[in-house]
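For ligands, and for the atoms within them, numbers begin at 1 and follow the listed sequence.
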Amino acid sequence: MHLNPYGADVVNFAADLANRPPTSADELADRCRTAGLVLERPVEPSDLDLTLAVIDAWTNVVDATGEREKAKLVNEMLARSAAYPRLTDHAHGWHLHYRDDLQPLGAVLFALISVGTAMHLVSRGMDRLGRCAAAGCETIFADTSRTARQRYCSHPCANRDAVRRHRARQSTPST
Ligand SMILES: [Zn+2]
Ligand SMILES: [Zn+2]
């Protein structure tokens with residue numbers, strides 16, 4: 001399997017990396033394999049450094065206020081990772097790469113996350129990246145729902161917040 005930048009795979013993987021940053025090159029390699037990324041080269045500490053920098057830039061996109069600011073930050077990521085797209089069949093059929101061949105993993109993730117995020121925002125909506133609305137939770141999520149109304153990172157957070165709001169209503173005397 002290959003991460004599909006048109007689908008939800010890339011933004012969900014970026015959110016996973018941002019919420020729980022890898023602490024070693026080995027862990028990064030494992031997380032990439034688990035996400036379905038085909039690793040072409042051994043993963044080096046420099047790949048981890050670049051990945052963490054990419055995740056920092058991506059987190060700024062998530063937290064940007066307004067569509068213009070968000071677009072500007074994504075465009076900067078695209079510009080920094082740009083290469084011409086090309087057809088390849090190195091793994092399970094023909095697909096597009098938005099990068100040069102045989103790049104180190106850090107550069108692969110940079111291009112993949114930049115392009116995948118741009119496609120997610122234009123195809124699903126500029127407001128489809130966010131942080132959980134539950135008190136005390138800052139988990140980042142990519143909203144790939146049909147309804148475009150995701151506000152929480154998970155069902156437990158949604159339930160916890162519903163209980164909290166219910167209690168707040170009960171403890172407020174009605175006038
Ligand atoms: Zn590929
Ligand atoms: Zn949450």
Side-chain angles (χ1 to χ4, degrees), residues 1-21 25 28-44 47 50-51 54-55 58-65 77-78 80-120 123-125 127-168:
M1 200 209 118
H2 218 76
L3 286 190
N4 174 9
Y6 293 94
D9 306 348
V10 173
V11 280
N12 283 328
F13 185 47
D16 176 55
L17 292 174
N19 291 327
R20 199 164 47 92
L28 175 62
D30 282 346
R31 304 262 300 268
C32 286
R33 278 191 214 100
T34 303
L37 198 68
V38 177
L39 300 180
E40 298 174 324
R41 296 167 42 147
V43 178
E44 312 280 350
D47 291 314
L50 182 52
T51 302
V54 173
I55 290 304
W58 188 80
T59 302
N60 289 338
V61 171
V62 173
D63 292 330
T65 46
M77 289 181 75
L78 288 167
R80 276 164 57 203
S81 64
Y84 67 84
R86 71 201 72 201
L87 292 167
T88 176
D89 69 344
H90 72 108
H92 307 292
W94 290 100
H95 57 283
L96 266 177
H97 277 179
Y98 295 89
R99 56 175 173 85
D100 299 327
D101 286 333
L102 293 174
Q103 289 291 296
L105 178 66
V108 170
L109 287 179
F110 197 168
L112 200 58
I113 289 174
S114 304
V115 172
T117 300
M119 287 178 172
H120 170 73
S123 63
R124 295 196 181 86
D127 57 351
R128 294 290 205 110
L129 290 172
R131 286 185 188 260
C132 183
C137 182
E138 303 216 311
T139 302
I140 295 173
F141 63 85
D143 182 359
T144 56
S145 68
R146 271 169 199 277
T147 52
R149 293 218 189 101
Q150 185 174 344
R151 292 182 59 228
Y152 301 98
C153 70
S154 61
H155 287 299
C157 271
N159 292 340
R160 203 157 43 80
D161 211 46
V163 169
R164 188 185 58 78
R165 278 180 284 126
H166 181 70
R167 288 203 184 120

Exercise for the section: Ignoring hydrogens and angles, tell me if any N or O in the side chain of Asn159 forms a donor-acceptor pair with the backbone of Pro156 under 3.5 Å. Expected result: no
Exercise for the section: Provide the protein N, O or S atoms situated under 2.8 Å from the Zn ion (ligand 2); waters are not included. Expected result: Cys132 SG, Cys137 SG, Cys153 SG, Cys157 SG
Handout entry: Where at least one partner belongs to residues 131-158, residue pairs that pass salt bridge (Lys or Arg N to Asp or Glu O under 4.0 Å), sequence neighbours excluded
Key =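 Checked against salt bridge (Lys or Arg N to Asp or Glu O under 4.0 Å) - neighbours excluded - the pairs reaching residues 131-158 are Asp63-Arg131, Arg128-Asp143.
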Handout entry: Stepwise side-chain contact (heavy atoms from CB on, under 4.5 Å) check, His97 with Gln103
Key = CA-CA 11 Å; His97 277 179; Gln103 289 291 296; over 6 Å; no
Exercise for the section: Specify which N/O/S atom of His95 comes nearest to the Zn ion (ligand 1), by atom name. Expected result: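 This residue's closest N, O or S atom turns out to be NE2.
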Practice task
Answer whether the closest heavy-atom distance between the side chains of Arg41 and Pro104 falls below 4.5 Å.
Solution key: yes
Problem - Non-hydrogen side-chain atoms of Ile55 and Leu17 separated by less than 4.5 Å - result: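 A side-chain contact exists here, since the closest heavy-atom pair is under 4.5 Å.
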Handout entry: Evaluation steps, side-chain contact (heavy atoms from CB on, under 4.5 Å), between Leu105 and Leu109
Key = CA-CA 6 Å; Leu105 178 66; Leu109 287 179; 4.1 Å; yes
